[in-house]
Amino acid sequence: MKKFKCIMLIDDNRDDNFFHERVIRKCNAAEVVVVKQTGMSALEYLRSKGGDDELHPNLIFLDVNMPGMNGWDFLKEYARLEAFQRSAIVVILTTSENPDDRAKAIGMNADFITKPLTLETLEEIMGRYPDA
């Protein structure tokens, strides 16, 4: 199975981040896992690491419901970044099963899956994006 150089988790819930990072590591899906608890800190990271291939995420798992900057706000700001800073695949990882949220994610060029991230779901996502 393909291995990503870097996967970023953006979620305000520490327990979810811990669990999802364990799934990523168990699956050996990434060389580096970057965990951010806010959309703003994720954007700051992306701006600062934009040109560094080793630390720039190929895949971002993004929660929707976060205080301050929610996932939708993050996606709007992410779209404004320079092309090399927004080259990652974004997957909304949420508890929401609302079809409107799924449609909104797709309309904002993001994939959509529900929590929790499982080995099977991660393998499916990795298979969906073999060239990332």
Side-chain angles (χ1 to χ4, degrees):
M1 180 183 334
K2 180 187 183 339
K3 185 178 197 176
F4 290 99
K5 284 191 179 199
C6 182
I7 294 177
M8 177 182 273
L9 296 169
I10 308 171
D11 195 322
D12 62 309
N13 186 309
R14 289 178 193 260
D15 293 336
D16 285 352
N17 282 331
F18 176 79
F19 178 77
H20 294 147
E21 183 175 2
R22 282 190 49 154
V23 170
I24 291 165
R25 293 197 186 282
K26 187 172 185 176
C27 193
N28 198 25
E31 294 172 21
V32 176
V33 179
V34 175
V35 179
K36 297 295 176 185
Q37 289 187 277
T38 68
M40 284 305 294
S41 64
L43 287 169
E44 289 168 11
Y45 177 90
L46 292 168
R47 288 182 185 114
S48 69
K49 305 293 183 199
D52 187 339
D53 282 345
E54 296 300 314
L55 297 174
H56 189 79
N58 307 87
L59 177 62
I60 297 172
F61 286 108
L62 173 66
D63 186 29
V64 171
N65 298 312
M66 297 183 289
M69 175 181 277
N70 67 30
W72 307 123
D73 295 336
F74 172 87
L75 282 173
K76 289 175 193 170
E77 290 300 316
Y78 183 71
R80 293 184 180 119
L81 294 176
E82 297 289 331
F84 67 89
Q85 293 171 316
R86 60 177 164 80
S87 59
I89 295 158
V90 179
V91 177
I92 300 292
L93 181 59
T94 183
T95 56
S96 172
E97 294 183 10
N98 185 333
D100 293 337
D101 285 345
R102 180 179 299 278
K104 186 173 184 175
I106 292 167
M108 296 179 83
N109 296 317
D111 209 331
F112 186 94
I113 59 174
T114 55
K115 289 181 182 178
L117 181 64
T118 63
L119 287 172
E120 295 79 16
T121 305
L122 180 57
E123 288 172 355
E124 178 187 326
I125 291 292
M126 292 175 72
R128 202 177 297 171
Y129 301 104
D131 298 326

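Being a predicted model, the structure only gives us computed values, none of them experimental. Index from 1, following the sequence.
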Tell me the salt bridge (charged side-chain N to carboxylate O under 4.0 Å, His left out) pairs involving residues 89-103, sequence neighbours left out?
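Qualifying pairs: none.
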Quick one: [atom1] on [X] to [atom2] on [Y], what's the gap to the nearest 0.5 Å?
X: Leu59; Y: Ile7; atom1: CG; atom2: CD1; answer: 5.0 Å
X: Arg14; Y: Gln37; atom1: CZ; atom2: CD; answer: 4.0 Å
X: Asn28; Y: Lys3; atom1: CG; atom2: NZ; answer: 3.5 Å
X: Ile125; Y: Cys27; atom1: CD1; atom2: SG; answer: 11.5 Å

Test of understanding: with side chain to side chain contact (heavy atoms under 4.5 Å, CB included), list the residues that count as partners of Arg22, not counting sequence neighbours.
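Once residues adjacent in sequence are excluded, the partners of Arg22 under the side chain to side chain contact (heavy atoms under 4.5 Å, CB included) criterion are Phe18.
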Scan the side chains in residues 65-77 for donor-acceptor partners under 3.5 Å anywhere in the protein, sequence neighbours excluded, and list what turns up.
from	atom 1	to	atom 2	distance (Å)
Asn70	OD1	Trp72	N	2.9
Asn70	OD1	Asp73	N	2.8
Glu77	OE2	Arg80	NH1	2.5

So do [Y] and [X] actually touch side chain to side chain, heavy atoms under 4.5 Å?
X: Leu9; Y: Ile24; value: yes
X: Met8; Y: Leu46; value: yes
X: Phe61; Y: His20; value: no
X: Met126; Y: Phe4; value: yes
X: Ile10; Y: Ile60; value: yes
X: Val34; Y: Cys6; value: yes

Hey, does the side chain of Asn58 reach the backbone of Ala88 with a donor-acceptor pair shorter than 3.5 angstrom?
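Checking the backbone N and O of Ala88 against the side chain of Asn58, no donor-acceptor pair under 3.5 Å is found.
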Give the cluster check for Tyr129 versus Val33: same hydrophobic cluster or not, with ILVMFWY residues linked at side-chain heavy-atom distances below 4.5 Å.
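Yes, same cluster.
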Is there a chain of hydrophobic side chains (I, L, V, M, F, W, Y, each step under 4.5 Å between heavy atoms) that links Ile106 to Ile89?
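As far as the 4.5 Å side-chain criterion goes, Ile89 and Ile106 are not connected within one cluster.
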Got a sec, which residues hit salt bridge (Lys or Arg N to Asp or Glu O under 4.0 Å) with Lys115, two or more places apart in sequence or on another chain?
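Asp11, Asp16, Asp63.
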Show the nearest heavy-atom pair for residues Phe19 and Pro116, with the distance to one decimal.
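Taking Phe19 first and Pro116 second, the nearest heavy atoms are CE2-CB, 3.7 Å.
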Which atom of Ala105 lies closest to which atom of Phe112, heavy atoms considered:
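The pair with the smallest heavy-atom distance is CB-CD1, 3.8 Å.
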Contacts of Thr121 that satisfy side-chain hydrogen bond (donor to acceptor under 3.5 Å, both in side chains) - sequence neighbours left out:
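Here the qualifying residues are Thr118.
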In chain order, what residues pass the side-chain hydrogen bond (donor to acceptor under 3.5 Å, both in side chains) check against Thr38, with sequence neighbours excluded?
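Checked Thr38 against side-chain hydrogen bond (donor to acceptor under 3.5 Å, both in side chains); matches are Ser41.
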